[in-house]
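For reference, positions follow the sequence shown, starting with 1.
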Amino acid sequence: VQLQASGGGLVQAGESLRLSCAASGSIFSINVMGWYRQAPGKQRDLVAEITKSGEITYADSVKGRFTISRDNAKNTAHLQMNSLKPEDTAVYYCNFRVRRSPWASSYRDYWGQGTQVTVSS
């Protein structure tokens, strides 16, 4: 299973970006699709995640500004980021919890390669 993230870039404060993450390979089911971010010198933290049933969790710092969505038919997740702030600057990673076949006993986490988001003031 491979995850390909895209959509990062350099924007000014107040502007928007849309990140996408597409999974490919042997996939039977994806339970959770999530986005994490890691700023220089800091730990990787959860930004938002969405379950297969549509339950969503956001970090407090992005509530009201970011929206996560998923397209199950395309094994893709999106993160719409509005009203970006300099403190949103980080490398953003997607994480999917994948069951590779009907006979697999459990889900396994896979990570995308990361995409840089830089917000200037």
Side-chain angles (χ1 to χ4, degrees):
V1 176
Q2 292 185 330
L3 304 188
Q4 181 66 47
S6 61
L10 171 63
V11 297
Q12 294 187 336
E15 295 184 340
S16 300
L17 281 173
R18 179 177 170 87
L19 305 183
S20 297
C21 183
S24 60
S26 178
I27 297 170
F28 173 71
S29 176
I30 302 175
N31 186 6
V32 182
M33 295 182 178
W35 289 94
Y36 290 72
R37 66 187 181 187
Q38 187 169 21
K42 296 188 176 180
Q43 66 181 21
R44 189 175 299 186
D45 292 324
L46 175 69
V47 175
E49 65 179 15
I50 180 169
T51 70
K52 190 175 183 179
S53 61
E55 295 179 12
I56 294 175
T57 301
Y58 291 107
D60 287 342
S61 60
V62 307
K63 285 180 180 177
R65 300 188 297 122
F66 290 12
T67 302
I68 189 171
S69 61
R70 61 187 285 169
D71 183 336
N72 292 323
K74 297 181 179 180
N75 292 329
T76 299
H78 302 285
L79 185 68
Q80 178 66 42
M81 305 186 295
N82 297 330
S83 302
L84 283 161
K85 304 175 181 180
E87 51 263 44
D88 295 317
T89 296
V91 178
Y92 284 69
Y93 297 90
C94 53
N95 172 273
F96 289 4
R97 193 158 298 163
V98 178
R99 188 178 176 190
R100 298 189 62 183
S101 75
W103 306 277
S105 60
S106 62
Y107 288 86
R108 176 183 169 184
D109 283 346
Y110 292 86
W111 291 90
Q113 82 281 11
T115 185
Q116 177 71 45
V117 172
T118 303
V119 185
S120 62
S121 58

Original post:
Restricting to pairs with a member in residues 52-90, which pass disulfide bond (SG atoms under 2.5 Å apart), not counting sequence neighbours?
Top reply: none

**OP:** Identify, with sequence neighbours excluded, every residue that meets side chain to side chain donor-acceptor pair (under 3.5 Å) alongside Arg70.
**Re:** Asn72

Original post:
Looking at CD1 of Ile56 and CZ of Phe66, how far apart are the two atoms once the value is rounded to the nearest 0.5 Å?
Top reply: 14.0 Å

Subject >> Main-chain N/O of Ala5 paired with Gln113 side-chain donor or acceptor, under 3.5 Å >> reply: yes

Original post:
For Thr118, which residues count as a side chain to side chain donor-acceptor pair (under 3.5 Å) partner, sequence neighbours excluded?
Top reply: Gln116

Subject >> Partner residues of Ser101 under the side chain to side chain donor-acceptor pair (under 3.5 Å) criterion, sequence neighbours left out >> reply: none

Subject >> Pairs flagged by disulfide bond (SG atoms under 2.5 Å apart) wherever residues 45-79 is involved - sequence neighbours left out >> reply: none

Could you list the donor-acceptor pairs under 3.5 angstrom formed between side-chain atoms of residues 27-35 and any protein atom two or more places apart in sequence or on another chain?
| from | atom 1 | to | atom 2 | distance (Å) |
| --- | --- | --- | --- | --- |
| Ser29 | OG | Lys52 | NZ | 3.1 |
| Ser29 | OG | Tyr107 | OH | 3.4 |

Original post:
Is Val91 isolated, or which residues cluster with it under the ILVMFWY side-chain rule of less than 4.5 Å, directly or via members?
Top reply: Tyr36, Leu46, Tyr93, Trp111

**OP:** For Arg65, enumerate each residue passing the side chain to side chain donor-acceptor pair (under 3.5 Å) test, keeping only those at least two apart in sequence or located in another chain.
**Re:** Asp88

Original post:
Does any N or O in the side chain of Thr115 come within less than 3.5 Å of the main-chain N or O of Tyr92, such that one atom is a donor and the other an acceptor?
Top reply: no

**OP:** Please collect all disulfide bond (SG atoms under 2.5 Å apart) contacts where either partner lies in residues 19-95, sequence neighbours excluded, each pair once.
**Re:** Cys21-Cys94

**OP:** Please round to the nearest 0.5 Å and tell me the distance separating atom CE of Met81 and atom CD1 of Ile68.
**Re:** 11.5 Å

Under 3.5 Å, which donor-acceptor pairs link side chains of residues 7-17 to any protein atom two or more places apart or in another chain?
| from | atom 1 | to | atom 2 | distance (Å) |
| --- | --- | --- | --- | --- |
| Glu15 | OE1 | Gln12 | N | 3.0 |
| Ser16 | OG | Asn82 | OD1 | 2.9 |

**OP:** Return each pair, listed once, that meets salt bridge (Lys or Arg N to Asp or Glu O under 4.0 Å) where at least one residue sits in residues 96-121; pairs must be two or more places apart or across chains.
**Re:** Arg97-Asp109

Subject >> With sequence neighbours excluded, residues passing side-chain contact (heavy atoms from CB on, under 4.5 Å) with Lys74 >> reply: Asp71, Thr76

Subject >> Side chain to side chain, Arg37 and Leu79, heavy atoms closer than 4.5 Å >> reply: no

Original post:
Any idea which heavy atoms bring Ala23 and Leu3 closest together, and the distance?
Top reply: CB-CD2, 3.3 Å

